[in-house]
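Every heavy atom of this structure was used, including side-chain atoms; hydrogens, water molecules and symmetry mates were not.
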Amino acid sequence: MKLLGHRFFIPRDYLKIIATIFAIATIGLAVVGNYGITWDEAIEVDMVVQNWDYIRRNKPIHEMSRHYGFYFNYISQLIYETEQNISPDTPNLPPNPTPKDEWLANIWQVTRVKHVVTFLFSLIAYLSVVGIVAILAGIESAWLGALILALFPTFWGHSFFNPKDIPFAAMFTLGTFSGSLLLDKYFKTENQTIKLGFNSLTLYSCLYGIIAGLITGIRIGGFFILFYFIFAHLVARWNLKTILKTIGRFLPLYAIIILFWAITTYIVYPAAWRNPITWFIEAITLMSKYNIWDNTVLFDGENIPGRSLPWYYLPQLFSLTTPVLWQIAAVGFTVVILTKMTKLTPNQRACALITLLQAFLLPTVAILRQSTLYDGIRHFLFVIPALAALASTAIIWTYHKIKQKSIKIFLTTLFILNCSVIVYDMISLHPYEYTYYNRAYGGLKAAHGQQETDYWGLSLKEGMEWLNQNAAANSTVVVAGPMFGAEMLEDHQKNLTMIYRDDFAWGKAPDPDYYLAISRYDYFQAFPHCPIVHAVQRHETPLTIIKHCRQP
């Protein structure tokens, strides 16, 4: 920023970045209210209460929650409570509400705020990708990184309702970017004596340790960022003879980072307060296999236990759910970077290494360990910002390498057309962008009956809205999906009786009036004698169906 007289001037490159982020934020905030409630969101809200009960009353935290840090959920809860103090909402309650009715109303109100907070938190990923691209390809084209990340439909779709994987992806990408900035300072001090104390290098190392702790505070696997950082620092110089010397000189700073990482991690995991070492080992063991989850996954037309999926499950799902051009560009960068490493600055090499590790190492570890996998690629959403940074850099490098203006115009036109097709697909899928499958595979229509589609149960909201308008009063509805997601949207004037599918007395109770089911497991096959009267669908593919079992 330059000062001339009394006027401030922002460099053009920064204006492009600001304009891109502002456009993404504006569009996201305009559509955030269109998204429904998903399977895990009630657990995420209750997690705050569980952790406070543990802190205040020593009440044990549920096994499903104690290995997740709760600071993101707590921040969201604080924002919700602040918003309620300023402008309280009237909850949707029946005339004589029960404790469950009040719980449902609270979950609905909190998640409405959390969706906004989750999306705003995702902007950290966009800004971090811009920073990574600026290091690798220059600030003048760095805005493209944010645009390309927004055109990963899976990432965009999850950004509104996924309070675990999106914050983790955002913080992990921030760790990659901030780690690259810190390493640049390390490289510039290689000929200086390193002293711990009140100096910028010590301060920045402390801050990076805190960032690493906050990453781990969302998902325990975030501690890998420490290894990425140290590995990139030692390898980026490409001089194996100096590695031991480098370790010796920077060991105090590594220790500072690890110390502040450990303190931060300890603070944001109340369950770790009794025995942080034993708890950490337990958390790593549990989360690497996650044997708690023992359901099946629809993959290539078969329902396969999540513990028994073939090794190529993750690579195939990434190839099917990522736009083809971004795949080509990211893979192209990976190949080119191996031959171009020696031409990069040490800071660029370090940034490239951390970004590549973010994109590929943990998915590889999951494959090698035969980890329990499910829900498509959602547990690996943190890979997508790294892929966006790699793809953006490859596209920028390719563009600058071409000298002929006519070829540049031609390729730019193709790029714009490709982006337009992705935007069209995202708009036509809205608000179920996360169900995107690329056109090379055949889109969402080809995935129906072959791969998981709306596994979150997001479309249940739209199905419930149809029932509110069309179901007769006093009807009985059996729900297959996140039950609370349907109950909290119920029109209480209809006086509907809602029964969870697993609680329905099959073969003993009479058929319900309606059957509301999402496209997961065998849910669509229940009540085969009942006709489908409505389907929530995109691209001619049903995501939620409603069957009418008691015809007048």
>> Which heavy atom of E140 sits nearest to which heavy atom of A137, and what is that distance?
In response: OE2-O, 3.7 Å
> Is the count of non-hydrogen atoms from other residues, nucleotides or ligands lying under 6.0 Å from K408 atom NZ greater than 12?
Replying inline: yes
> Given side chains that start at C-beta, do those of Q451 and T321 come closer than 4.5 Å, heavy atoms only?
Replying inline: no
> Does some side-chain heavy atom of S180 sit less than 4.5 Å from a side-chain heavy atom of D184?
Replying inline: no
>> With no hydrogens and no angle check, just 3.5 Å: does a side-chain donor-acceptor pair link T246 and H233?
In response: no
> Hey, mind stepping through F168 and L381 against side chain to side chain contact (heavy atoms under 4.5 Å, CB included) and telling me if it holds?
Replying inline: CA-CA 8 Å; F168 183 69; L381 287 178; over 6 Å; no
> Between A394 and A329, which heavy-atom pair has the shortest distance, and what is it?
Replying inline: CB-O, 3.2 Å
> Can any side-chain N or O of S371 pair as donor or acceptor with the backbone N or O of R369 at less than 3.5 Å?
Replying inline: no
>> Using ring centroids (six-membered ring only for Trp), state whether F231 and F227 fall under 6.0 Å.
In response: no
> Do R378 and D40 sit within salt-bridge range, that is, some charged N less than 4.0 Å from a carboxylate O?
Replying inline: yes
> Is the backbone N or O of I409 less than 3.5 Å from a side-chain atom of T413, with the two atoms forming a donor-acceptor pair by type?
Replying inline: yes
> Can you list the steps and then say if I402 with L411 is a side chain to side chain contact (heavy atoms under 4.5 Å, CB included)?
Replying inline: CA-CA 10 Å; I402 296 172; L411 292 179; 3.1 Å; yes
> Is Q348 reaching over with its side chain to a backbone N or O of I135, donor-acceptor style, under 3.5 angstrom?
Replying inline: yes
>> Walk me through whether T453 and S519 qualify under side chain to side chain donor-acceptor pair (under 3.5 Å).
In response: CA-CA 7 Å; T453 54; S519 55; 2.9 Å; yes
>> For a quick test of reading the model, state the closest non-hydrogen atom pair linking P542 to E540 and the distance between them.
In response: CD-O, 4.0 Å
> Going through the distances and angles, do F177 and V130 end up as a side chain to side chain contact (heavy atoms under 4.5 Å, CB included)?
Replying inline: CA-CA 9 Å; F177 172 53; V130 167; over 6 Å; no
>> Going by side-chain contact (heavy atoms from CB on, under 4.5 Å), F382 matches just one of D165, I215, L362. Which one?
In response: L362
> Which atoms form the tightest heavy-atom contact between N438 and S319, and what is the distance?
Replying inline: ND2-O, 2.7 Å
> Given side chains that start at C-beta, do those of T264 and Y269 come closer than 4.5 Å, heavy atoms only?
Replying inline: no
>> On a heavy-atom basis, which atom in Y266 and which in A272 lie closest, and how many Å separate them?
In response: CE1-O, 3.5 Å
> Do the non-hydrogen side-chain atoms of K185 and T189 ever get within less than 4.5 Å of each other?
Replying inline: no
> In terms of the angle between their ring planes, are W261 and F223 parallel, tilted or perpendicular, with boundaries placed at 30° and 60°?
Replying inline: tilted
> Quick check: does any side chain N or O of T265 sit under 3.5 Å from a backbone N or O of A262, one acting as donor and the other as acceptor?
Replying inline: no
> So, are R520 and D375 salt-bridged, with charged N and O less than 4.0 Å apart?
Replying inline: yes
>> Under a 3.5 Å cutoff, is there a donor and acceptor pairing between the side chains of S459 and D454?
In response: yes
> Should the heavy atoms of other residues, nucleotides or ligands under 6.0 Å from CG of L368 be counted, would the total exceed 12?
Replying inline: yes
> Just checking, any donor-acceptor pair under 3.5 angstrom between side chains of E41 and N162?
Replying inline: no
> Does a donor on one side chain sit under 3.5 Å from an acceptor on the other, for S205 and Y254?
Replying inline: no
> Between the side chain of E452 and the main-chain N/O of L298, is any donor-acceptor distance below 3.5 Å?
Replying inline: yes
>> So L234 and I247, do their side chains get closer than 4.5 Å, heavy atoms only?
In response: yes
>> Check whether W39 reaches the backbone of Y455 with its side chain - one donor and one acceptor, N or O, closer than 3.5 Å.
In response: yes
>> A side-chain contact here means heavy atoms from C-beta on lying under 4.5 Å apart; do W326 and I395 qualify?
In response: yes
> So do the side chains of S200 and Y204 get within less than 4.5 Å of each other, counting heavy atoms only?
Replying inline: yes
> Is it the case that more than 12 heavy atoms not belonging to F415 sit under 6.0 Å from its CZ atom?
Replying inline: yes
> Side chain of R349, backbone of L344: donor and acceptor closer than 3.5 Å?
Replying inline: yes
> When you look at I132 and I354, which way does the side chain to side chain contact (heavy atoms under 4.5 Å, CB included) test go after all the steps?
Replying inline: CA-CA 10 Å; I132 294 168; I354 300 176; over 6 Å; no
> With a 4.5 Å heavy-atom cut-off, do D425 and L444 have their side chains touching?
Replying inline: no
> Parallel, tilted or perpendicular: which fits the ring planes of Y35 and H430, with parallel below 30° and perpendicular above 60°?
Replying inline: perpendicular
>> So, using ring-ring contact (aromatic ring centres under 6.0 Å, His included) as the criterion, who are the partners of H379 when residues are at least two apart?
In response: Y374
> If every non-hydrogen atom of T20 is compared with every non-hydrogen atom of A146, which pair is closest and at what distance?
Replying inline: CG2-CB, 3.9 Å
> Do you know which of F161, F155, W156 makes ring-ring contact (aromatic ring centres under 6.0 Å, His included) with Y434?
Replying inline: F161
>> If only side-chain N and O atoms count, and only distance matters, is there a donor-acceptor pair under 3.5 Å linking N73 with K114?
In response: yes
> What class does the angle between the rings of F160 and F119 fall in, given that below 30° is parallel, 30 to 60° is tilted and above 60° is perpendicular?
Replying inline: parallel
>> Would the distance check show the side chain of Q327 and the main-chain N or O of T322 forming a donor-acceptor pair, the cut-off being under 3.5 Å?
In response: yes
